Every structure is written in C-alpha cells, then in structure tokens.
There are 2 protein chains.
Amino acid sequence: MRAPDVTSGGDPARTLALLWREPSTAARRGPQRGLNLDAVIEAATAVTNTEGLTGLTMRRVAQELRVSPMTLYTYVPGKAELLDVMLDAAYGRMSRADTTGQPWRVRLTAVAEENRTLFETHPWTATVSTLRPPLGPGAIGKYEHELTALDGLGLDDVEMDDCLTLLLSFVQANARVAAEARATAQLTTVTDEQWWAAAGPLLARVLDPAAYPLATRVGSAAGTAHGSAHDPAHAYEFGLRRLLDGLATLIERTTPAASENS
Amino acid sequence: MRAPDVTSGGDPARTLALLWREPSTAARRGPQRGLNLDAVIEAATAVTNTEGLTGLTMRRVAQELRVSPMTLYTYVPGKAELLDVMLDAAYGRMSRADTTGQPWRVRLTAVAEENRTLFETHPWTATVSTLRPPLGPGAIGKYEHELTALDGLGLDDVEMDDCLTLLLSFVQANARVAAEARATAQLTTVTDEQWWAAAGPLLARVLDPAAYPLATRVGSAAGTAHGSAHDPAHAYEFGLRRLLDGLATLIERTTPAASENS
DNA sequence: GTCGTACGTTGTACATTGTACATCGTACGG
DNA sequence: CCGTACGATGTACAATGTACAACGTACGAC
C-alpha cells in the first residue's frame, strides 16, 4: 500500500473514537492487552522526535515497545491514524499562556511563539499535512485557546479564523524550512560548506553576473548577512513583524472595540 | 535506500552540471543514446503533474518512455537529482510579466500570481522541499525576475530578499494546502460530505459547545462561510492583502524612493 | 467447574519503492 | 579491424505497510 505520511487515512468514525478515547462498547474477552494507545503514541512520538518522519516505522515503534510489528494494529488501525493521534496528543501538550488584558500584538506573538515551540520540540509536526486536522481534544483545545487571543478585537467570526489561519500558516511554513534544514543536515553527509566548496567553482563559471545582476548581488548579500543561504530565525522575526503590521490595518480600523484592547 | 522526495540528494557538482546542461567532456563511444535529459524531465513532469509526487516512480517514468527502469540512470544519477532538474525546468517555464513602472503592490501581486499559477499547473512543486533550491538557470532566472519587482523601492539587499522570501513562502504554504486538498480528495474515496456525515454525530456527542465556545462558534461560522472546512482561494486573497499591508509599513517609510514608485 | 468463542499476539507473506550489480551488445578510436 | 568505453537491461535486495491465518488466552453462560 502507499505510504501515507498523511493524516486522516481511514474511517473517520474510527479515528474520532480513537482521538476521544471512546471506550469500545463490547466487553473485553481473551488475553489482556499488554499495551494501550497512549503507550504506542508515546513510543511513536519519541521515535519521530529524534529520527524524523522517515524514521517513523511500524517496525521501529514495535521494537521500541518490545512487541511484534503487527501488535500495533490492535491499538491503531494503521499508520495514518497513528499520526493523527500523535498530532492531537502533541497539540494537547502545548503550553497555553494566559494573555488576557495584554495588547493584541503581544497575544498573537505568544500564540506564534507557542506554535514555534511545538515545531521545534516536535519537528515532524511542521511537515505533516494538516488539511483535515485531527478533531481531537488536543486540536480543539488548541483552536479554542488561540481564538481567545483574537477575541474582542472587533473582528467577526470569519475574520478571526482568517487571521489565525494566516498566522499559523506563516509559523508552520517557517518551521517547515527550519525542520528541512536540520533534516538535510542530518541525512546528507554534505555540510553547507562542503556543498558550496563543490558547487562554487562550477557556479562561478556558469553564472554570469551581467545576466543576473540582481540575483547575484542580492543573493550574495543575503547569504553573507545570515551565515547560510537561508536563516529561518531571521525570516521568522521579519515575517512576524510584517504579518502583525498587516493584521493591524484590519484590527485597528476606526472601531472602539479595537482601541480598547490594543 | 530511503525514498528521497527531496532535492539535492547527491553530488552538488554532478547536479549543477545536469542543471546547466554541461556537456560531458569525454567523447561519446558505444551505442547511441536513445533519449536525452529533457525527454526524461518531460515524461517525469507529465507523470507527476497528473498523478502527484507519489505517482512519480522511476518505473512509471521508464514505462512512459518505453524503456527499462534502469535506463533512466544513464541520464540522471537518481531520483533526487531528477526532482532537481524537474523543478528547475518548471521554474524556467514560468511566465514573467514585465510590470516596470507599475505601483509596487501591482508588481508584487503579479509575482505572487505567477507562483500561484506554477503551483496550480504543477501541484507537486508546492510540496517538494526547496531548502537548497536547484541553482539552475530556471531558478536563478526566476529569482532575478522576482527581485526586479522589489527593486527601486528603497529597500536594501537583505530586505529585498526578506520580502521576497516572505511573499513566496506565503504563496507556497497556501498552495500546499490547496494541493493537499486535491490530493486527499483524489486518494481517499471519502468525500468531504461523507466525512462529515460519518464524523458529525460522534463529534456532536463528544464536543461540548460550553467547553469550547469560541471553537464551535467560529469553526462553524468559517465552515459555513466557505463551502468546506477550509477555502484556500479565500485564504489566499485575505493573506495576500494582509501581507502587502504589512510590507507597506516597511516600503512606505518616509523615503522619497518609495513614494515615487508607489 | 467447564467450555465455546471473542480477542490479543505473532510469523509469514506480498506488493511496492529505489537502485546496485553483472551482463550483453554496440560503435568509435587507434 | 578490433579492443574498449558506454548504453540498455534483467535480476536482485533491502525496506516499507499491512493482509492473513494460526495460536493461545480468559471471560460469560450454563
């Protein structure tokens, strides 16, 4: 079968039951279960945190739990659903600072920071698809918490969702780049310097500064400004500032609700 | 070996030679080549456009070219490098509208739109990692073109790169969601309606509106406003507007350079 | 108590992938 | 004209998710 690496693979009802820990209706018979869902989630998350999404293997998780690979299928319908519950559990463990009464920029910055921390602690969360997010207690609690940061600013419901989506999408995109940077640094034996050492001469021969004046000038300026070709931390600072400025024109319209909370 | 789905897998010099079509130094001997790099790129791109990144298989591309799978390795060192050249070729084929003299918002909107079109025509380009972009003629030409839209606005070199990165990262993140939406719609036989039909009752039973007042209210408002749980087109419009507003505070500082070009 | 049966566990097996390797045939340089 | 470099290919292997069947366990009904 196709390797999913994507959430929401199977039966939604089964997945939801898993997420909300719905107890199975039938009476337990047969041998006692040696594990439980949370143990599987914990083991799988530990493996993925350290070895990345490509290291998440049913065999690997089973080995961690000293159990045969197929045993996992007693607790989880498949790998896709495992990712679902892993993600929801990670959402559920996020810290949720109370910023009521603070200016909206502070509140939104806190939300961004919390997500950034998630993506740093669990890099794989930045990479998995969140198109149909796992509607478990973790995800919903996260959503609720983050919406409160946008409450009382004079935005209507759809605008609140829009702003939050934009903010989170920015943080995730940034984290994805950062995660990829670390992943490629680990996987390939080629360091950035070695790469440039090997690529530089050929590039210099083939890349005519006269043909690409801006690209060569700006590219080298940006490259030397940050240490590498791209600096996710800098991009985060820059992007978040721009983004908040952009939201300001929406939030700080001439309404009384905005000014009282800004 | 691990399935890459990531660019820049191997020797940078070999990849760059491929990208810039450096002719191999040695004199050709032996049987004549039945194919060439561009034919492979074309076939691979066609396959990937229609069947997505998971459909991109060396065997599949070989079949398309009526050739045995291993033959491809004559023209390409491996799958990672194939993705590199595919990406660069796609970049090279992008349309590049001349917007000199237009207000900067128009110019940046055009850049965003061109990338959006790329991601719509070749959805897989939104999904592949672009951490170390393929420094081929396509990518560099794209970079040069896009920087011109930011030239003469009073930004320094690093700021130009920052702004462009932010803009492109936004468009890509948006396109990624859209691509995922279409992919899941194709792969799973479950439509959005079927999904909600199966998930709705259980969710209603388990999700207490009193416990999650904002989430339930805003979530349903956003869900009904757009047809589905998420509307990438709407998110694009909203996000681009906010983003340009955010860049405006940087670009329209009280400098003469900005006002003369806005 | 006894026994049937539902269920947890596991070994085996298969399809699918990227690609290493050896083989074979071809056509160019000497 | 012929040795050899090179293109094409068949075979093979490792890694993956997971279907399937076999096996053993312990609970519920009597």
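Since the structure is predicted, the reported quantities are computational estimates derived from the model, not experimental observations. Residue numbers start from 1 in every chain, and the chains themselves are labelled A, B, ... in the order their sequence lines are given, proteins ahead of strands.
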Distance-only donor-acceptor pairs under 3.5 Å for side chains of residues 168-178 of chain B, two or more places apart:
unit_1: B:Gln172; atom_1: NE2; unit_2: B:Ala126; atom_2: O; d: 3.1
unit_1: B:Asn174; atom_1: ND2; unit_2: B:Pro232; atom_2: O; d: 3.1
unit_1: B:Arg176; atom_1: NE; unit_2: B:Ala126; atom_2: O; d: 3.4

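- Near DNA chain C, meaning a heavy atom under 4.0 Å away, the residues from residues 62-73 of chain B are B:Met70, B:Tyr73.
- The one candidate from B:Thr117, B:Thr125, B:Leu118 that meets the side chain to side chain contact (heavy atoms under 4.5 Å, CB included) condition with B:Met94 is B:Leu118.
- Qualifying side-chain contact (heavy atoms from CB on, under 4.5 Å) partners for B:Glu64, counting only residues two or more places apart in sequence or in other chains: B:Ala43, B:Val47, B:Arg60.
- Judged as a side-chain contact (heavy atoms from CB on, under 4.5 Å), and not counting sequence neighbours, A:Pro31 has no contacts.
- Remark: P of C:dG18 and CG of B:Leu56 are 7 Å apart, rounded to the nearest angstrom.
- In this structure, B:Met58 atom CE and C:dG18 atom P are separated by 7 Å, rounded to whole Å.
- Atom-to-atom, CG of A:Leu53 to P of D:dA15 comes out at 19 Å; the value is rounded to the nearest Å.
- Judged purely by atom type and a 3.5 angstrom limit, A:Tyr75 has no side-chain atom pairing as donor or acceptor with the backbone of A:Val40.
- For the salt bridge (charged side-chain N to carboxylate O under 4.0 Å, His left out) condition, no pair includes a residue of residues 65-74 of chain B, sequence neighbours left out.
- Partners of A:Thr74 according to the side-chain contact (heavy atoms from CB on, under 4.5 Å) rule, which considers only residues two or more places apart in sequence or in another chain, are A:Arg33.
- For residues 112-122 of chain B, the set of pairs meeting the salt bridge (charged side-chain N to carboxylate O under 4.0 Å, His left out) definition, not counting sequence neighbours, comprises B:Glu113-B:Arg116.
- Listed nucleotides D:dA8, C:dT9, C:dG25 differ in distance to B:Tyr75; the shortest reach to its side chain belongs to D:dA8.
- Within residues 35-48 of chain B, no residue has any heavy atom under 4.0 Å from DNA chain C.
- Rounding to whole angstrom units, NZ of residue A:Lys79 and P of D:dA15 are separated by 15 Å.
- Under the salt bridge (charged side-chain N to carboxylate O under 4.0 Å, His left out) criterion, the residue pairs touching residues 195-207 of chain B are A:Glu22-B:Arg205, with sequence neighbours excluded.
- One can find a donor-acceptor pair under 3.5 Å joining the base of C:dT19 and the side-chain atoms of B:Arg59.
- Among the atoms of the strands shown, only primed sugar atoms or phosphate atoms (P, OP1, OP2) are found under 4.0 Å from some heavy atom of B:Thr57.
- Distance from the side chain of B:Arg29 is smallest to D:dT4 among D:dT4, C:dG18, C:dG8.
- Atom-to-atom, CZ of B:Arg33 to P of D:dC6 comes out at 10 Å; the value is rounded to the nearest Å.
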